[in-house]
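Okay, structure first, notes after.
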Amino acid sequence: MLARSLLDRRPSGRLLHALPAAALALVVALASWLAPGVAEAQTYPRPAISNFTPASGPVGTQITVAGTGLAQINRATIGAVTVPLLSVSETSVVISVPAGAASGRIKLSNPRYTGTSSSNFKVILPPTISSFSPASGLPGTRVTVNGSRFTGATSARIGTGVSLAVTVNSASRLSFVVPAGAVSGTVQVTTPGGSGSSVASFTVTTPPAPAPTISGFSPASGLVGSTVTVTGSNLSGATSAQLGSSTSTAVTVISATSLSFVVPTAATSGTVKVTSPAGTATSAASFTVTAPPVVQAAVSEHIVVDQFGYRPAAVKTAVIRNPNVGYDSNRRYTPGSVYRVIRSSDGVSVLQGAPTVWNGGAVDASSGDAAWWFDFSAVQTPGRYYVLDVDRNLRSPAFNIGNLVYQPALKAAVRMFFYQRSGFAKRQPYAEACWTDEAAFVGANQDGQARNVNDRNNTATIRDLSGGWFDAGDSNKYVSYAVSPVHQLLAAQEENPAAFTDDFNIPESGNGVPDVIDEVKWEIDWLKKMQNPDGSALLKVGQITYNEVTPPSSSPEPRYYVPTCTSATVAVAGMFAHAALSFQRYPALAQDAADLRSRAIQAYDRFASSSTRQTACDDGTVKYGDADLSVQDQDNLQTVAAIYLYALTGEARYQDRVRSSYRAMRPYHDIGWNRYLPEQGSALLFFAALPNADAALKATIRNDKLNDANNSAGKVYGLIANDDPYRAFLHPDQYHWGSHQPRANYGNSNRDVVSYGIGVANPAAFETRAEDTLHYFHGVNPLGLVYLSNVNSLGTTKSLSTIYHQAWFQDGHPLWDDLRNAGTTCGPAPGYVPGGPNASAQNNGVPGWLTPPTQQPAQKAYHEWNNPAEAAYAVTEPAIYYQGAYVKLLSSFIRP
């Protein structure tokens, strides 16, 4: 400060002349150090540029500039853009071309002089892609790409696929051929100037399998509900079977030469037709639909069974209900003394017995019902049956007994995720005729061009965030909300791979990868787009209004994303690691698995190095739910990610994380281990089964699960007869918005005891509890209702006729409203699981006069309707996390 102030006064000369010689020397020295442009101007040579190499190049190119007088160069430019100096010597300077540079002369400057090249350096810009056609195609399809700066193009690729040879037609057009094994993704073109990517994605379609043929079927005749086995060829990709003019029904593919289907309701005699994406085969002979024996008994609401059916070896219990409290309390019922199981095909009784009273005749507070149980576990022969009250001449809905009775339900439930796909057209034959729609949110300013919600007018924030699943009955997409369904679907397939075949009639069917893995990959591919280059991740994508329109493809709403958040970063770390483990089992997904492994490590390291945990990223501007996670939940997800990364890499640091933090996870702070945040408990059990994990730590985790299972006071585990007349007890506090998620996870927690061999004294009680929970979803409940949408075509009697889904199956729509309404053609798509009974519905906005669901016992706090003005979403809205929990439970009981 002193020296600089003295310099400022130097022109007057007065102060300098007044100073002693020593002080004057000090001032001059300081002035020379602080202002070399004044004190040392004569020491700088004039730089001269003789040449530079190369003469052109893209961003990142290193240029060597030769000349003289270059030792003190401190600035370089190309045109008007300052560029980095990499090295400086007397005769050469090395610089690099930065982003944003344009062609121009090279200038090298020292503090006094500048030398300029005699010619321009040409910056080779990367290509741009404006369009491509066609938008989709099979391997072997030639794709034409339009854009700019294609001269010298070296390759192209689709998504993360292999590099492809290109044919360059001009600077603005080239083409390439879609290779075998390609998967859908954006188109990228690489030239000497770099790479350019399209906004839209190219969809790789699956080559059609050879057309099916039918050589025969058996039996030649049968009742509605009977099973027909078809033989022939090329049947692996079959999607439906048809009798005469009857409605198509889902099929169960046994092999490439055999399949079976259930004769659907209202079937008529005629030829058998089998349809696959490759065509339709018709039998030479006709199947005769026989008339059932005359049954005088009507179906009663008081005799409830699993309407899909039972495994042959399972415990089988019909519940006879007598309503005492609630909306149906005036419909009392006392059973007769004789009950029979009747075979539907011929009316023959195969078992007779008497019902036993439940809990001494007590009225259950959670349902408002008294009840009796009728055990028919002894009936194990495959077939179709019903339970008959002989004295009252009333019967249950019909049901099947067989090893694969739940396969149609599983296919419908997994296909829910296909119908929830964003940015993907639902077309026949993959979508059933009633539920077709074009790709949603693929227009201008939508998912392919989403902007940062905090900087909406800035085009530099545009990101391609297309793909993924709609979260629930809305069209928004959340990274943190994807955690449970992604982990549970992957775990379901890992624990019972036999349940998940490659014939669920989605576009990827027949590709050699289980369809549930293909469906998870659809979500994972979107999550990859949400990850930033530094490993962090964006939080969610959606719209900023509540203006949902139907069908989803008709929505004009612009879409925005909530930017980077630690909740999302740690969430993708675990999902990517788990998916990498699953994907690496399939050769076609080996490249995806390697990519996900790298992404998971990068996200994990990014989160682990973050100094803070962000818990307020989502301010609600992007609708609907709050995607933030608590600090504890984020830290627990770090442990989940560490578990799967340890399985992937074997690195000690990940096991160290598990060892230091596993007791902070949700299972150690809740009864039931997995009823909430199931990805945490499942990950711990997965870790405890790893062969290379620490033996003592594994034993401790398994023993902790055993102690939880043996805590009978928790009423989560095992079948305790007096807990619930419907044999699927749920704690009163769990009858909240989305109660079906913890209910399914009660079943999963019991099933885990058996599948992981947790050493309880009576594992059969845990198996029965889990299976009875599944029966609850299928009709063994106070409403006698199958809690899946629109699956009566699969043989059920009373499934959901409507759900709340504002993005598609809206109230009042002539196609997709309540199927019970006159004029509604289709109802909702099959297989959706709703939120479930909600004892707090009135607190969640449902009007108190609407009873049910309000002012009811907890199990009756459900009503079939979809009116948003009456907050139907608090009861009947589906969600991918309810669905994932149900699919995991359901699949565990499919055992071919």
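Note that these values count all heavy atoms, side chains included, but never hydrogens, waters or copies made by symmetry.
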Partners of [X] by side-chain hydrogen bond (donor to acceptor under 3.5 Å, both in side chains), sequence neighbours excluded?
X	answer
R415	Y419
T280	T275
Q842	none
H863	none

For D474 and Q543, run side chain to side chain donor-acceptor pair (under 3.5 Å): C-alpha distance rounded to whole Å, both residues' side-chain angles, the deciding distance at 0.1 Å, then the answer. CA-CA 10 Å; D474 62 89; Q543 56 201 56; over 6 Å; no
How long is the gap from [atom1] on [X] to [atom2] on [Y], to the nearest 0.5 Å?
X	Y	atom1	atom2	result
E301	L783	CD	CG	10.0 Å
I506	Y430	CD1	OH	9.5 Å
Q446	S466	CD	OG	11.5 Å
D618	Y478	CG	OH	7.5 Å
Q407	L890	CD	CG	8.5 Å
L785	T796	CG	OG1	9.5 Å

Would you please classify the geometry between the Y481 ring and the Y881 ring as parallel, tilted or perpendicular, with 30° and 60° separating the classes?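 The rings of Y881 and Y481 stand perpendicular, inter-plane angle above 60°.
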For [X] and [Y], does a side-chain donor sit closer than 3.5 Å to a side-chain acceptor?
X	Y	answer
N866	D817	yes
E432	N505	no
S567	D628	no
E679	S484	yes

[X]: which residues meet the ring pair (Phe, Tyr, Trp, His ring centres under 6.0 Å) condition with it, sequence neighbours left out?
X	result
H740	F777, Y787
Y676	H736
Y873	W737, Y804
Y832	H805, F809

In short, disulfide (SG to SG under 2.5 Å) pairs touching residues 440-482 with sequence neighbours left out are none
Partners passing salt bridge (Lys or Arg N to Asp or Glu O under 4.0 Å) against R743 (at least two apart in sequence or in another chain):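 R743 satisfies salt bridge (Lys or Arg N to Asp or Glu O under 4.0 Å) with no residue once adjacent residues are dropped.
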Derivation of the side chain to side chain contact (heavy atoms under 4.5 Å, CB included) call for V479 and W526: CA-CA 9 Å; V479 171; W526 169 69; 4.0 Å; yes
How about L538 and N532: do any of their side-chain heavy atoms sit closer than 4.5 Å?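 In contact.
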Is there a side chain to side chain contact (heavy atoms under 4.5 Å, CB included) between N745 and Q488? Walk through the geometry before answering. CA-CA 10 Å; N745 285 330; Q488 287 199 291; 3.0 Å; yes
Check the pair V622, Y561 against side chain to side chain contact (heavy atoms under 4.5 Å, CB included), reporting the backbone distance first and the verdict last. CA-CA 7 Å; V622 177; Y561 60 85; over 6 Å; no
May I ask you to decide whether [X] forms a salt bridge with [Y], counting only side-chain N to carboxylate O separations under 4.0 Å?
X	Y	result
K529	D525	no
R820	E864	yes
E523	R421	no

Enclosure of N458 CG (heavy-atom neighbours >12, cutoff 6.0 Å):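 Yes, the 6.0 Å shell around CG holds more than 12 heavy atoms from other groups.
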If you count the non-hydrogen atoms of other residues, nucleotides and ligands that lie under 6.0 Å from NZ in K528, is the total more than 12?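 It does: K528 NZ has more than 12 such atoms within range.
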Can you run down the salt bridge (Lys or Arg N to Asp or Glu O under 4.0 Å) pairs that involve residues 439-457, sequence neighbours left out, and say none if there aren't any? D447-K477, D447-R559
According to the salt bridge (Lys or Arg N to Asp or Glu O under 4.0 Å) rule, which pairs have a member within residues 541-550, sequence neighbours left out?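 For residues 541-550: none.
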Would the W522 and F424 ring centres measure less than 6.0 Å apart?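 Ring centroids of W522 and F424 are less than 6.0 Å from each other.
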List the steps, then state whether side chain to side chain donor-acceptor pair (under 3.5 Å) holds for T186 with D464. CA-CA 9 Å; T186 56; D464 176 10; 5.2 Å; no
Check the pair S475, E557 against side chain to side chain contact (heavy atoms under 4.5 Å, CB included), reporting the backbone distance first and the verdict last. CA-CA 11 Å; S475 59; E557 292 293 318; over 6 Å; no
Sub-3.5 Å donor-acceptor pair from the side chain of D515 to the main-chain atoms of D503, do we have one? yes
